Amino acid sequence: MADLRTRYLGLELPSPLVASSSPLTGTLDGLRRLEAAGAGAVVLPSLFEEDLAEDAPRPGAGHGDQAGYGAGPAAYLSLVEQANQTLSIPVIASLNGTTRGGWVRHAARLEQAGADALELNIYYVSSRPGLSASEVEGNYLDVVREVRRAIGIPLAVKLSPYFSSLANLAGQLVEAGANGLVLFNRFYQPDLDIEAMEVLPALELSTSTELRLPLRWIAILHRRWGISLAASTGVHTVEDVVKVLLAGADVAMMTSALLHNGPDHLRSVELRLRDWMDGHGYETIDQLRGQLSQRSVPDPAAFERANYIKTLASRTAPRR
Ligand SMILES: Cc1cc2nc3c(=O)[nH]c(=O)nc-3n(C[C@H](O)[C@H](O)[C@H](O)COP(=O)(O)O)c2cc1C
């Protein structure tokens, strides 16, 4: 039977199926369920920079035992400690911050609490016309350097896809101390309610069609700097998992699929992954990883085409 072990951020994982940061990973019970369903690692919800200011409000009741999403650092550290003691899979803590400052010391606290690695989530919507792209990227790099200095555990940076020169930024992030990249975060986009005349915070779950963006960038960045790569956004089915592994990912992360189908979805994807590997003659994840990355395919430019004339021309108008 296929061996699903993989390495991510220097950690040994029993499976490449990882539960990404979401409310599902915010309680010990949720984490136990994910491990029991076959998660190879778990990423906790983000602890946000604004929660870490000395005067940040501390909601009490109402959040139950949920960590992250405004519950404050004490609940978060306690979850990291308990998860570390209870689970045998790696526990990755997550910090969301975009400016240099005192909040960075919490990275060290997460390490002391037993986090096996840290995921740093650094996106914000830059709406100031006076702020250039290179200044925004410079801020991100400063934050990564500071967090890197604060901790000894591996550091992954979770990025958005909205950069003009992603490969360049990725290289600078690696220089600044990132051991891995999570491609990509997915944000809620505000919608408009045209009856109530209001802005609505709309969060819809992803579908497999959104896999193409991480797939392209994982294929392009595979084996560039010897860093780990995680695919996030649009991983729902076993086909999606096989695709990101073939492109060169070390792990396939899931949130929407688990929110939609429940944690046990992991078990069925794992079974199908084993079947697929057996059926296609793969014994290990290593044999599979990167087989269709940009460096491995006969036509590497296929990953760089944005307006491929044949593809565009093949879309004809529907017949009436
Ligand atoms: C309800 C919800 C909460 C999330 N919370 C976080 C978070 O705290 N930190 C983070 O880095 N990503 C967070 N994410 C993003 C997911 O980890 C993931 O990157 C994104 O949903 C794309 O993957 P998917 O297509 O598998 O859903 C959240 C997503 C959802 C749907």
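Just follow the structure's listing: the first ligand is 1, and inside any ligand the first atom is 1. Keep in mind that the numbers below use all heavy atoms, side chains included, and drop hydrogens, waters and symmetry copies. Because the structure is a prediction, the values reported are computed rather than measured. Nothing fancy with the numbering, it's 1 onward along the sequence.
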Self-check item: Shortest reach to atom 21 (O) of ligand 1 by a heavy atom, considering only L44, T255, T233, L183
Solution: T255
Quiz item: Looking at E270 and R274, does any basic side-chain N land under 4.0 Å from a carboxylate oxygen?
Solution: yes
Exercise. Note the single closest protein heavy atom to atom 18 (C) of ligand 1, along with its residue, its atom name and the distance in Å.
Key: S232 OG, 3.5 Å
Practice problem: Identify, by atom number and element, the atoms of ligand 1 in contact range of G234, meaning under 4.0 Å from any of its heavy atoms. | Solution: 24 (P), 25 (O)
Quiz item: Have E135 and N139 got a donor and an acceptor in their side chains that come within less than 3.5 Å?
Solution: no
Exercise. Nearest heavy atom to atom 1 (C) of ligand 1 wins, so pick from L95, V18, L203, V43.
Key: L203
Self-check item: Any N or O of S22 closer than 3.5 Å to N or O of ligand 1
Solution: no
Practice problem: Look at atom 15 (C) of ligand 1 and say which protein heavy atom is nearest, naming residue and atom and giving the distance to 0.1 Å. | Solution: N185 OD1, 3.6 Å
Quiz item: Can you list the ligand 1 atoms lying under 4.0 Å from a non-hydrogen atom of S206?
Solution: 24 (P), 25 (O), 27 (O)
Practice problem: Return yes if some donor-acceptor pair links the side-chain N/O of Q291 with the main-chain N/O of Q287 below 3.5 Å, else return no. | Solution: yes
Exercise. Return the orientation label for the Y162 and F187 ring planes: parallel under 30°, perpendicular over 60°, tilted otherwise.
Key: tilted
Quiz item: Is there a donor-acceptor contact under 3.5 Å linking the side chains of N121 and S94?
Solution: no
Quiz item: D250 pairs by salt bridge (Lys or Arg N to Asp or Glu O under 4.0 Å) with which of R223, R289, R7?
Solution: R289
Quiz item: Taking non-hydrogen atoms only, is N96 closer than 4.0 angstrom to ligand 1 via side chain, backbone, both or neither?
Solution: neither
Practice problem: May I ask you to check whether H236 has an N/O atom sitting below 3.5 Å from an N/O atom of ligand 1? | Solution: no
Quiz item: So is K158 polar-close to ligand 1, meaning N/O to N/O under 3.5 Å?
Solution: yes
Quiz item: Under 3.5 Å, is there a donor-acceptor pair between the T233 and S206 side chains?
Solution: no
Quiz item: Looking at L245 and P16, what are the two nearest heavy atoms and their distance?
Solution: CD2-CB, 4.2 Å
Quiz item: Is S94 in polar range of ligand 1, meaning some N or O pair under 3.5 Å apart?
Solution: no
